[in-house]
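Here the structure is laid out as structure tokens; the discussion comes afterwards.
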There are 2 protein chains.
Amino acid sequence: MIIIIIMLKAEKNTNCDCGCGPTCGCASGKRCSRRRKAVLQTLSEAKGHLTAEQVYRSVGQKLPGTGLATVYRSLKCLCGCGKARELKYGDRPAVYEAAGVRSPHGHLLCLACGAVREFSDPAADRLRERLAAEYGFAPQAGWLEIRGTCARCAGVKERK
Amino acid sequence: MIIIIIMLKAEKNTNCDCGCGPTCGCASGKRCSRRRKAVLQTLSEAKGHLTAEQVYRSVGQKLPGTGLATVYRSLKCLCGCGKARELKYGDRPAVYEAAGVRSPHGHLLCLACGAVREFSDPAADRLRERLAAEYGFAPQAGWLEIRGTCARCAGVKERK
DNA sequence: GTTCTTGCAAAGGCTTTGCAGTTCT
DNA sequence: AGAACTGCAAAGCCTTTGCAAGAAC
């Protein structure tokens, strides 16, 4: 199986005036602590997508002692601010990526092997526009996801 | 937020020779017990999508005493056989629908209110074909998912 | 009789939350 | 100082699994 996710548009503003509650710790105070910055930096430097666990390990090297909960809270805060995006594939753990680093792109994920690939396709934009007009949806922070079977995994069970 | 999911193609065969292991209970024996039938029937009769919990309650009325675990196992089995489909939206519980009852369609889901809508769009097929050719993916059981903000939750354009 | 299916309860994985101490403006 | 942020551990949610009993072929 494959999931194709197409980032259609950038999210919110980049200023930390997101609406996330006090839990995520960036609602009113809008502070940007070292850990939070480290989390964002980790995402920005990453080539692909990272799970919270991976971010946790990476940040742990820069700022020893950083807790997993903090990473989760930071990720949530960053996503709320539009500085990061969260992607979920089926029952796999969520993966994150920094927003704005690259242009909107699609994601290809094979549920069998879990690999994620990116791509861009103008058809996605047209589709988005049509749907937006037809259903009144505003997929501003949206993406497009398709599941199927990737080439490699399809080749494996080709004998069927 | 919205997720637009487009069913691109029907899944596997409808015969119960799926590859799911002994856990789901339909690998080699291919039995179709009353509970399993009840689960499938519930999905078929449902207008929209149902969560495992909803299926559980529904089946519980037809066949009192049916356990939640059985429902989950049945759903997994049915999905493996291609008789049902599982849809996951972000961190919400998975929802299910019977396959083959209706023609392939897309799904619109608002993450804010959780509502799911369906639609069809030829652009989805074209997109699928192009991606299949370009990346060698076979989104046979796939769908297309877009996230954004739905009309009602956006509190703006009212137009169905 | 053998193999598959169930119920119940317990476990599991990922993520969130409570709380008290720490850090930042 | 006062509000945010953090770590740790515990809790939560949805889903899966272990096991013995029951049902199907």
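Being a predicted model, the structure only gives us computed values, none of them experimental. Order of the sequence lines sets the chain letters (A, B, ...), proteins ahead of strands, with each chain counted from 1.
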Atom pair [atom1]/[atom2] of [X] and [Y] - distance to nearest 0.5 Å:
X	Y	atom1	atom2	result
B/E97	B/L78	CD	CG	12.5 Å
B/H49	B/E86	NE2	CD	12.0 Å
A/L75	A/T70	CG	OG1	10.5 Å
A/C77	A/L40	SG	CG	10.0 Å

Looking at every non-hydrogen atom in both residues, tell me the closest pair between [X] and [Y] and how far apart they are.
X	Y	value
B/A52	B/L68	O-CD2, 4.4 Å
A/Y96	A/C79	CD2-SG, 4.0 Å
B/P64	B/R35	O-NH1, 4.1 Å

Go through [options] for me and flag the one nearest to the [X] side chain.
X	options	value
B/A52	D/dG7, D/dT15, C/dT6	D/dT15
A/R73	C/dC8, C/dG18, C/dT6	C/dG18
A/S74	D/dA9, D/dT6, D/dT15	D/dT6

Under 4.0 Å from OP1 or OP2 of [N]: is there any side-chain N or O of [X] that close?
X	N	result
B/K76	D/dT15	no
A/R36	D/dA4	no
B/S33	D/dA23	no

Query raised in the report: Per the atom types in the model, does the base of D/dG7 pair as donor or acceptor with the side chain of A/R35 at under 3.5 Å?
Result: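 Checked by distance alone, the answer is no.
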Query raised in the report: Hey, which of these two, B/L68 or A/T70, hits DNA chain D nearer its 5' end, going by closest nucleotide?
Result: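 In this pair, the answer is A/T70.
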Query raised in the report: Which comes earlier along DNA chain D counting from the 5' end, the contact point of B/R34 or that of B/E53, where each point is its nearest nucleotide?
Result: B/E53
Query raised in the report: Who are the side-chain contact (heavy atoms from CB on, under 4.5 Å) partners of B/S58, not counting sequence neighbours?
Result: B/T42, B/K62
Query raised in the report: Among all residues two or more places apart in sequence or in another chain, which pass the side-chain contact (heavy atoms from CB on, under 4.5 Å) test with B/A69?
Result: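 Per chain and number, B/A69 pairs via side-chain contact (heavy atoms from CB on, under 4.5 Å) with B/R73.
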Contact list (N/O, under 3.5 angstrom) for nucleotides 11-13 of chain D vs protein:
none

Report task. Please state how far atom CD in B/Q54 lies from atom P in D/dT15, giving the value in whole angstrom units. Result ->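 Atom-to-atom, B/Q54 to D/dT15, this comes out as 11 Å.
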Query raised in the report: Can you check whether B/T66 reaches B/V39 side chain to side chain, under 4.5 Å on heavy atoms?
Result: no
Atom pairs under 3.5 Å: protein N/O with N/O of nucleotides 12-14 of chain C:
none

Report task. Identify, residue by residue, the members of residues 56-67 of chain A with a heavy atom below 4.0 Å from DNA chain D, and return them in order of residue number, or none. Result -> A/G65, A/T66, A/G67
Query - Pairing residues for B/R57 by the salt bridge (Lys or Arg N to Asp or Glu O under 4.0 Å) criterion, not counting sequence neighbours - result: B/E53
